[in-house]
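The structure under discussion appears below in the form of structure tokens.
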Amino acid sequence: MNCETANLSDLVDYLHTIGYKPKKIRGEDHWYLSPLRQEKEASFKVNKNKNVWYDHGNARGGNVIDFVTEYYRCNLNEAL
């Protein structure tokens with residue numbers, strides 16, 4: 001798999017696969033409790049249309065590969 005193919009993977013579906021469900025959905029924005037840290041209010045947003053995420057609690061975001069490298073604390077080759 002290459003970066004282009006990996007980033008076509010649906011991030012909302014991927015989060016569901018690893019056990020995360022949105023706490024709320026507003027239009028294309030799906031809000032989760034952050035899978036990257038502990039929190040009580042959902043501040044991790046995935047825009048389903050753009051297939052990108054942003055964690056408001058730690059001011060980080062990106063695409064599918066960026067999420068996988070953050071979540072698993074791995075490098076690009078390991079993520080792919």
Side-chain angles (χ1 to χ4, degrees):
M1 180 177 290
N2 62 32
C3 291
E4 187 175 332
T5 303
N7 280 323
L8 292 176
S9 300
D10 187 290
L11 188 52
V12 169
D13 289 343
Y14 182 73
L15 287 168
H16 182 17
T17 300
I18 61 172
Y20 293 93
K21 295 184 172 91
K23 294 297 181 184
K24 63 183 171 184
I25 300 172
R26 296 241 164 86
E28 293 296 319
D29 293 330
H30 291 61
W31 292 87
Y32 298 82
L33 292 176
S34 178
L36 304 175
R37 59 190 174 75
Q38 295 286 323
E39 68 177 352
K40 294 180 182 178
E41 286 194 37
S43 69
F44 184 90
K45 178 177 77 169
V46 175
N47 182 287
K48 186 151 175 75
N49 189 41
K50 295 179 182 175
N51 204 35
V52 295
W53 62 277
Y54 187 79
D55 190 332
H56 291 270
N58 65 9
R60 296 185 80 148
N63 57 32
V64 175
I65 292 173
D66 297 324
F67 173 75
V68 171
T69 58
E70 287 278 327
Y71 184 75
Y72 291 104
R73 297 183 179 166
C74 64
N75 64 41
L76 176 61
N77 289 333
E78 293 168 327
L80 292 174

| message | Pair Asp10, Lys48 - check salt bridge (charged side-chain N to carboxylate O under 4.0 Å, His left out), show working. | response | CA-CA 8 Å; Asp10 187 290; Lys48 186 151 175 75; 2.6 Å; yes
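- Side chains of Lys21 and His16 form a contact here, defined as non-hydrogen atoms less than 4.5 Å apart.
- Here Ser9 contributes atom OG and Asp13 contributes atom CG; the two are 9.5 Å apart, rounded to the nearest 0.5 Å.
- Here Asn77 pairs with Asn75 under the side chain to side chain contact (heavy atoms under 4.5 Å, CB included) rule; sequence neighbours left out.
- For CD of Gln38, the number of neighbouring non-hydrogen atoms (other residues, nucleotides, ligands) closer than 6.0 Å is 12 at most.
- In this structure, CG on Asn47 lies 9.5 Å from NE2 on His30, to the nearest 0.5 angstrom.
- Distance NZ/Lys23 to CH2/Trp31: 14.5 Å, rounded to 0.5 Å.
- Rounded to the nearest 0.5 angstrom, Asn63 CG and Lys50 NZ are separated by 14.0 Å.
- Membership of the apolar cluster around Leu11 extends to Val12, Tyr14, Leu15, Ile18, Tyr20, Tyr32, Leu36, Phe44, Val46, Trp53, Val64, Phe67, Val68, Tyr71, Tyr72, as traced through chained side-chain contacts below 4.5 Å between ILVMFWY residues.
- Here the closest heavy-atom approach between residue Arg37 and residue Gly57 is recorded as NH2-CA, 2.9 Å.
- Counting only N and O atoms by type, the side chains of Ser34 and Arg60 include no donor and acceptor under 3.5 Å apart.
- Of all heavy-atom pairs spanning Leu76 and Cys3, the tightest one is CD1-SG, 3.8 Å.
- Glu39 CD to His56 NE2: the interatomic distance, rounded to the nearest 0.5 Å, is 10.0 Å.
- With sequence neighbours left out, the side chain to side chain contact (heavy atoms under 4.5 Å, CB included) criterion links Thr5 to Met1, Asn2.
- Annotation for Gly62 and Asp66: closest pair CA-OD2, 3.3 Å, computed over non-hydrogen atoms.
- Distance check: Arg73 CZ to Glu78 CD gives 13.5 Å after rounding to the nearest 0.5 Å.
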